[in-house]
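What follows is a single structure, written as structure tokens, with notes after it.
None of these values were measured; they are calculated from a predicted model.
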Amino acid sequence: MSRPVADFLVIGSGVAGLSFALKVARHGSVRLVTKKELAESNTNYAQGGIAAVLADDDSFDLHIADTLTAGAGLCNEEAVRTLVENGPTAIAHLVDFGVRFSAGDTGAGLDLGREGGHSRRRIAHARDLTGAEIERALVAAVKSHPAITVHENHIAVNLITRAKLDPEVAAGGPDDRALGAYVLDIEKGAIEVFAARNTLLATGGAGKVFLYTSNPDIASGDGVAMAYRAGAKIANMEFMQFHPTCLYHPLAKSFLVSEAVRGEGAILKRTDATPFMEGYHELGSLAPRDIVARAIDREMKRRGDEFVYLDTTVIDPVYFEKRFPKIFATCRDYGYDPREQMLPVAPAAHYLCGGVVTDLAAHTTIDGLFAAGECACTGVHGANRLASNSLLEAVVFADKAAGAAIDRNGAGLDERLYDRIPEWDPGEAVAEDEKAVINHLWDEVRRLMWNYVGIARTDKRLKRAKNRLVNLRHEIDEYYWRSVVTSDLIELRNLVTCAML
């Protein structure tokens, strides 16, 4: 048997996965796996923008200082400097790929916004649809590239590593190496071997671990869970960032009201219309996200309220509608006019600051395995991500990963290993018509995490959560091993793994 081997396997189709694929496609064959349609990712929902030093009154040192401050002193300063100093080039690359940022009179001809924790205007944006605009451009480029094969409605099950083939090789040890992944074709129900010389995890975050989140349903922590099972090093999973201002409405599914709205002057107020953030931080409503989220949580608990208000009426109404068309239209759909009414908002799980540990070239602790974007822990964010650093991190470190993967591309690899990879063995698994069981377990994990491992935590609640999660994980693992694998079951298994981590 001579198994086909791709040069590059990309798991995930956000900005990190797409930009990596476009960079490496000039040097070999690429297979890109995405569990929904190509454009469905956390990137697509990013409203605010992408931070970079582009204005004359800004500097790398200022952006670095803002990032370190937001990260509560737990950032890797070398990684932060790598991020910031590559920022202008990252913006230029996106423009080259066809991204249309909003034009203005400042910084490289772009309209630059400001968000919480930033000391300068440095947020390049496409109004409040920045993520969607980046996805549009990158998806178009990927679809037209002859070296990239896209596999929509496919989900990775497990990574394939040398340790899985050779019992003498320790999982995640110095002799281990990534060889690709087992991938489920969701529509056919078949699991195939996707062999590759280089594998990039770009699977996004794990917001669906929590009951309330700004993330889409796909954010189930797949990359982190797979890397953990393969023996890769994971870090900083306790640092889940909660976005302070998600629209409070029973049908809104935590629609995010961008931090850029506060950057343009909106003010957080109690339900009696009195401002409160000045009592928590000198930057008031523009304080870093973790501080704002905790302040809102404290005010809600202290007063017994289910939300606070974001006063958007202080912004010029004509400017609001022009600058934030998506937010304006969505609020109107739910019965709020942000030009005339304050918006009810509450925090929700938003961004995973930890994940799969990487070096400055986005290489994980397993040879041949890279990670970029929200699933990676580069050390940039520390305990709290500075607003609009996420898209920047995805582009910068996907570029670093591409460079490293191109340089290595199977160096020292014994190609005979690929022919030793066994086909997927379902064992004695049976198809179980128990969608209700999966939904119940999914809901139980998410409610437990929200109530016990949410914005404000205590040792007592964490111990209770751990005890319950041990039992839930055992129950889910049993269910997984006796059942035919489905995408819902894969996500549930990954969800509880991330919850434990």
Distance-only donor-acceptor hits, side chain of residues 485-492, under 3.5 Å, sequence neighbours excluded:
unit_1 : atom_1 : unit_2 : atom_2 : d
Thr486 : OG1    : Leu489 : N      : 3.2
Asp488 : OD2    : Lys435 : NZ     : 2.3
Glu491 : OE2    : Lys35  : NZ     : 2.7

CZ (Arg447) with more than 12 external heavy atoms under 6.0 Å: no
Flag if over 12 foreign heavy atoms under 6.0 Å of CZ, Arg482: yes
Heavy-atom closest contact (Val209 atom, Cys498 atom, distance): CG2-CB, 4.0 Å
Phe239 atom CZ, neighbour heavy-atom count above 12 within 6.0 Å: yes
Atom CZ of Arg416: over 12 foreign heavy atoms under 6.0 Å: no
With sequence neighbours excluded, residues passing side-chain contact (heavy atoms from CB on, under 4.5 Å) with Ala372: Ala16, Leu200, Ala398
Heavy-atom side-chain contact between Cys353 and Glu238 under 4.5 Å: no
Thr358 side chain reached by Phe370 side chain, heavy atoms, under 4.5 Å: no
Any donor-acceptor pair under 3.5 Å from Ser285 side chain to Arg262 backbone: no
Distance-only donor-acceptor check, side chains Thr271 and Asp305, under 3.5 Å: yes
Side chains of Val157 and Met226 in contact at under 4.5 Å (non-hydrogen atoms): no
Gap between atom CG of Leu179 and atom CD of Glu415 - 0.5 Å precision: 10.0 Å
Atom pair CD (Glu135) and OG (Ser13), whose distance is rounded to the nearest 0.5 Å: 6.0 Å
Gap separating the CZ atom of Phe397 from the CG atom of Leu83, nearest 0.5 angstrom: 6.0 Å
Within-4.5 Å side-chain heavy-atom neighbours: Tyr479 and Ile438: yes
From CA spacing to verdict: side-chain contact (heavy atoms from CB on, under 4.5 Å), Tyr309, Leu268: CA-CA 6 Å; Tyr309 280 120; Leu268 287 162; over 6 Å; no
Listed partners of Tyr248 passing side-chain hydrogen bond (donor to acceptor under 3.5 Å, both in side chains), at least two apart: Glu306
Derivation of the side-chain contact (heavy atoms from CB on, under 4.5 Å) call for Val30 and Val24: CA-CA 8 Å; Val30 182; Val24 299; 3.7 Å; yes
Any residue meeting salt bridge (Lys or Arg N to Asp or Glu O under 4.0 Å) with Asp459, in chain and number order, not counting sequence neighbours: none
Gap between atom CG of Leu286 and atom CD1 of Ile291 - 0.5 Å precision: 12.0 Å
For Tyr336, all residues meeting ring-ring contact (aromatic ring centres under 6.0 Å, His included), sequence neighbours excluded: none
Table please: side-chain donor-acceptor pairs of residues 68-78 below 3.5 Å, with sequence neighbours left out.
unit_1 : atom_1 : unit_2 : atom_2 : d
Thr69  : OG1    : Ala65  : O      : 2.9
Asn76  : OD1    : Glu78  : N      : 3.0
Asn76  : OD1    : Ala79  : N      : 3.2

Donor-acceptor side-chain pairing of His243 and Ser214 below 3.5 angstrom: no
Those residues that, when tested against Lys233, pass side-chain contact (heavy atoms from CB on, under 4.5 Å) (two or more places apart): Val357, Thr365
Exceeds 12 heavy-atom contacts within 6.0 angstrom, atom OH of Tyr212: no
Ser390-Arg385 side chain donor-acceptor pair, cut-off 3.5 Å: yes
Exercise: identify the closest heavy-atom pair between Ser19 and Val395: OG-CA, 4.4 Å
Non-neighbouring partners of Asn158 that pass side-chain contact (heavy atoms from CB on, under 4.5 Å), sequence neighbours left out: Arg229, Trp424, Tyr480, Arg493
Salt bridge flag under 4.0 Å for residues Glu259 and Arg289: yes
Stepwise side-chain contact (heavy atoms from CB on, under 4.5 Å) test for Ile123 and Ile50: CA-CA 5 Å; Ile123 314 300; Ile50 178 168; over 6 Å; no
For Ala361, side-chain contact (heavy atoms from CB on, under 4.5 Å) partners two or more places apart: Asp359, Ala404
Asn389-Thr67 side chain donor-acceptor pair, cut-off 3.5 Å: yes
Ring geometry between Phe210 and Trp450 (parallel below 30°, tilted from 30 to 60°, perpendicular above 60°): perpendicular
Distance-minimising heavy-atom pair for Glu393 and Thr378: OE2-OG1, 2.6 Å
Pairing residues for Asp166 by the side-chain hydrogen bond (donor to acceptor under 3.5 Å, both in side chains) criterion, not counting sequence neighbours: none
Side chain proximity check, Phe20 to Phe8, heavy atoms < 4.5 angstrom: yes
Using distance only, find each side-chain donor-acceptor pair of residues 183-196 under 3.5 Å and give its atom names and separation, not counting sequence neighbours.
unit_1 : atom_1 : unit_2 : atom_2 : d
Asp185 : OD1    : Glu187 : N      : 3.2
Asp185 : OD1    : Lys188 : N      : 3.2
Glu187 : OE2    : Asn153 : ND2    : 3.4

Expected output: side-chain His118 to main-chain Ala387 donor-acceptor under 3.5 Å: yes
Nearest heavy-atom neighbours spanning Ser29 and Ala6: OG-CA, 3.5 Å
Over 12 foreign heavy atoms within 6.0 Å of CZ, Arg473: yes
Rounded distance (nearest 0.5 Å) linking atom CG of Leu165 with atom OH of Tyr418: 10.5 Å
Test: Arg461 cationic atom under 6.0 Å from Tyr452 six-membered ring centre, within 45° of axis: no
Ser220 side chain to Leu495 backbone, donor-acceptor under 3.5 Å: no
Test item: side-chain donor near acceptor, Glu423 and Tyr182, under 3.5 Å: no
4.5 Å side-chain heavy-atom contact, Val345 and Pro244: no
Interatomic spacing from CD1 in Ile327 to CG in Leu247 - rounded to 0.5 Å: 10.0 Å
Evaluation steps, salt bridge (charged side-chain N to carboxylate O under 4.0 Å, His left out), between Glu299 and Arg270: CA-CA 8 Å; Glu299 289 292 325; Arg270 301 181 182 93; 2.8 Å; yes
Distance-only donor-acceptor check, side chains Thr34 and Glu152, under 3.5 Å: no
Sub-6.0 Å ring centroid separation between His350 and Phe242: no
All side-chain hydrogen bond (donor to acceptor under 3.5 Å, both in side chains) counterparts of Arg162, not counting sequence neighbours: none
